Protein chains: 4
Amino acid sequence: MTSKPPPRARRADARRNRARILEAADAVFAEQGPGAVTEDIARRAGVAIGTVFRHFPSKQALVEAVFITRLRFLTEQARALCAAPESSGEEFFDFFARWVELSADKQSFVDALTAAGVDVQARAAAGEYPVVRAELLEAVAALLRQAQRAGAVRADIGAPEITALLIGTARALQHAGAQQGPRARLLRVLFDGLRPQPDRAGDRDRSDGARSDSEG
Amino acid sequence: MTSKPPPRARRADARRNRARILEAADAVFAEQGPGAVTEDIARRAGVAIGTVFRHFPSKQALVEAVFITRLRFLTEQARALCAAPESSGEEFFDFFARWVELSADKQSFVDALTAAGVDVQARAAAGEYPVVRAELLEAVAALLRQAQRAGAVRADIGAPEITALLIGTARALQHAGAQQGPRARLLRVLFDGLRPQPDRAGDRDRSDGARSDSEG
Amino acid sequence: MTSKPPPRARRADARRNRARILEAADAVFAEQGPGAVTEDIARRAGVAIGTVFRHFPSKQALVEAVFITRLRFLTEQARALCAAPESSGEEFFDFFARWVELSADKQSFVDALTAAGVDVQARAAAGEYPVVRAELLEAVAALLRQAQRAGAVRADIGAPEITALLIGTARALQHAGAQQGPRARLLRVLFDGLRPQPDRAGDRDRSDGARSDSEG
Amino acid sequence: MTSKPPPRARRADARRNRARILEAADAVFAEQGPGAVTEDIARRAGVAIGTVFRHFPSKQALVEAVFITRLRFLTEQARALCAAPESSGEEFFDFFARWVELSADKQSFVDALTAAGVDVQARAAAGEYPVVRAELLEAVAALLRQAQRAGAVRADIGAPEITALLIGTARALQHAGAQQGPRARLLRVLFDGLRPQPDRAGDRDRSDGARSDSEG
DNA sequence: TATGAATGAGTGTTCATTCAT
DNA sequence: AATGAATGAACACTCATTCAT
């Protein structure tokens, strides 16, 4: 009675489902952290729990997929910003601010990210993760180099530090809450620290005494 | 042989157990996050599971107790550093570095901290938490004011920003891993950003162009 | 071989499981009281523990479901007996005897009933309970009125008293054990008390002696 | 230093403790049923949990002790009422009413009683229970015989039926709640049933047949 | 392929009972 | 004898995962 639907139709459906699940997972993990119950994600995606597991063989795999999707998104951003031919180096700060806003919006973008990241570090040297991660790192590195060449960012730091700072800053902003004042101040501190630094003679070592001179 | 034990003997034992549980919980939460299994904590503390629940009526209560203990420790640190009469303001940076090292050592000091913190914000306006938190904030604020008076820290930030930065930095260091190079560089960036800033005329807007001059 | 199963197939299975669980719970609660271990019920029903909790969100819910099922059964009985057009009023006694036998068979039909009932009184003014209870009460009342109209039952009692008597009698029979002699005698006392009473002038005070005349 | 207290003093203390525990247990079981937590009893008695277990080797033993105490109390009541030399037989109804009020006052006097009773039936053919039970039964029997001799109670029932009725009635009253109207009506039904019965021609025996005529 | 009911190991929590003090 | 902290088996309930339909 029911004429068999063309097999392509299914494929399209399946692909759409996969996308919806990923989207739902992203949202739910952002709201509730990676501890969220998988059925919530299914419900949000409008599919049955079985469908989630058909597309992602385990919850861990789903978390990683969300994680990787996020990394890819950031990589694209970084690449796009890097494309400008004549750069003043400020694109770097744009990227930083954008990521960090994105992260703090979704409550714990970074929670899931790091939570997954930790697990991933442990045993997902396999999978696409290392590649995706390397690509993001390279994109960030390129952006950073560009900014450093333009003199917008101090020369003594590299992409790994930037990544760590991004994650840390997202957390800091998350803690700061929604108020614009503190958020702006936090970023200002960060950005000032990232600029090429004046010759603060002997900071931490000698100058303290020196400065205390001018003060005491 | 054993001279009559003081009447508080039992109490002392119980107090020791409580301490051991707290210690074990601190360690286990640091290693595995607040999702750690309560029985692991009991095992680590060398007591039966019932004993854990005798001292802390729920897992949540245990998490909060660990959290509060950490906050208290930090408060003490801040107060001690603030006690120096003639301050150059550098104690502030000491505190910052110390906290952050402490946090990053224990894998997710801040995870549990924030995890608990989130829950706490939601419903523990009661309990000791608000008090402890206020005390820590005040201690940090005092240390910060001292440093600002001494000219060691920029004047346009307050204790809330510092708290957020502390948490974020701990996270960043955690992400950076154990290597000393990146960790030191991260802190340098942060600290530079916290210093009183030179008149970076028109940062972000004009000066960039100006500086890019000297470089491009 | 198997012709295409109706689309509700799964549902049917699930419904059967629900029924089996309910049945098993009824039996187990009857044997061991409402304190019975939920896994025993699962085992008896031939399902896993999770399945029990899928169908009944908590043990309390299961107890109540069993309770309500019993009430419904009794309501049906009462209604069926009430349907007879030309009644001599003896259906009432049939109902009474039937309920009470049913109850006493299952060791503590009434235990669970009351145990649940007590809890229910406390907080389940919601749910189906009030409705089901009202329906049973009404059915019993109808049966009672019928019997009273026919002159088979005394006029000075109502449905609430009957309900209480039913519960109490079930308990009494349960205590009396399985022997037929005592059980029959108990019911005889009850039924005699429920009949329209002769003018026992001065009961409790004098007339007893008088009547003992005509009997002794 | 502390001169050893005379050993008798301890004994008195211990005996007092035992009594207080029993009293507390009676109250707590009455309020919460035999599922009540043992520590609640200890708290109510003003002793430590260990003391409860020193006096009663297990919770079950405590329940049984309470049970037996109650039985003893009832036995005394029955005996006292039986002592009247010239009896009209109404003492029997007094006893009945008194017990039943007592039971219904304490919410589930009879719950615990029966709950314990069930267990006891199963395995406490040992202990004092059989003796105490026999004594109560005998006292009730004596009271009953007295009432039957006086013509106040029908002749075709014995002490076992009365016991069952007592328990059942207590339950019925408990279900009826606190209102005086229904309670009184319930007792009236019961008492009327217990009186010597008039020759109700054909009840249950012939009239049924008669009816079966007209019906089928 | 999608569905969603079933599974069952795992977890937080309770509480009768023991035992060092 | 009394205390009350410690014990640990037992239980209700959850949730990732499987599988019959």
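Here the structure is a predicted model, which means the values were calculated and not measured. A, B, ... follow the sequence lines: proteins, then strands. Residue 1 opens every chain.
- The phosphate of dA5(F) has neither OP1 nor OP2 within less than 4.0 Å of any side-chain N or O from His55(B).
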Handout entry: Steps toward side-chain contact (heavy atoms from CB on, under 4.5 Å) verdict (Arg18(D), Ile21(D))
Key = CA-CA 5 Å; Arg18(D) 199 193 132 94; Ile21(D) 291 167; 5.8 Å; no
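- The pair Glu31(A)-Arg44(A) meets the salt-bridge criterion, with a side-chain N (NZ, NE, NH1 or NH2) lying under 4.0 Å from an Asp/Glu carboxylate O.
- In this structure a side-chain-to-backbone donor-acceptor pair under 3.5 Å is present from Arg70(A) to Asp26(A).
- Rounding to whole angstrom units, CZ of residue Arg20(B) and P of dA6(F) are separated by 11 Å.
- Each of dA6(E), dA2(F), dT1(E) was ranked by its minimum atom distance to the side chain of Thr51(C); first place goes to dA6(E).
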Contacts under 3.5 angstrom, residues 46-55 of chain C side chains, donor-acceptor by atom type, not counting sequence neighbours:
none

Practice task
Given side-chain contact (heavy atoms from CB on, under 4.5 Å), test Val37(C) with Gln32(C) step by step and report yes or no.
Solution key: CA-CA 9 Å; Val37(C) 177; Gln32(C) 313 179 25; 5.8 Å; no
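- Applying the 4.0 Å criterion to OP1 and OP2 of dA2(E), one finds that Asn17(A) has a side-chain N or O inside that range.
- Counting heavy atoms from C-beta on, the side chains of Leu62(B) and Leu22(B) come closer than 4.5 Å.
- Checking side-chain atoms of Lys59(A) against main-chain N and O of Ala36(A) turns up a donor-acceptor pair under 3.5 Å.
- The CG atom of Asp13(B) sits 12 Å away from the C1' atom of dC19(E) (whole-angstrom rounding).
- Which of dA2(F), dT7(F), dT7(E) sits closest to the side chain of Ala48(B) comes down to dT7(F).
- One interatomic measurement links the two molecules: CZ of Arg54(B) to P of dT18(E), which rounds to 16 Å at whole-angstrom precision.
- The interatomic distance linking Arg15(B) (CZ) with dT21(E) (P) rounds to 16 Å, in whole Å.
- Taken together, the paired segments of DNA chain E that extend over three or more consecutive Watson-Crick or G-U pairs, each closer than 3.5 Å at both contacts, are E:2-21 with F:2-21.
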Practice task
Check step by step if side-chain contact (heavy atoms from CB on, under 4.5 Å) holds for Val63(D) and Phe56(D).
Solution key: CA-CA 9 Å; Val63(D) 173; Phe56(D) 305 91; over 6 Å; no
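- Look at CZ on Arg43(C): it is 10 Å from P on dC11(F), rounded to the nearest Å.
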Distances for protein N or O near nucleotides 13-17 of chain F N or O, under 3.5 Å:
from: dC13(F); atom 1: OP2; to: Lys59(C); atom 2: N; distance (Å): 2.7
from: dA16(F); atom 1: OP1; to: Lys59(A); atom 2: NZ; distance (Å): 3.2
from: dA16(F); atom 1: OP2; to: Thr38(A); atom 2: N; distance (Å): 3.1
from: dA16(F); atom 1: OP2; to: Thr38(A); atom 2: OG1; distance (Å): 3.1
from: dT17(F); atom 1: OP2; to: Lys59(A); atom 2: N; distance (Å): 2.8

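- Looking at every heavy atom in both residues, Arg72(D) comes nearest to Val132(D) through NH2-CG2, 3.8 Å.
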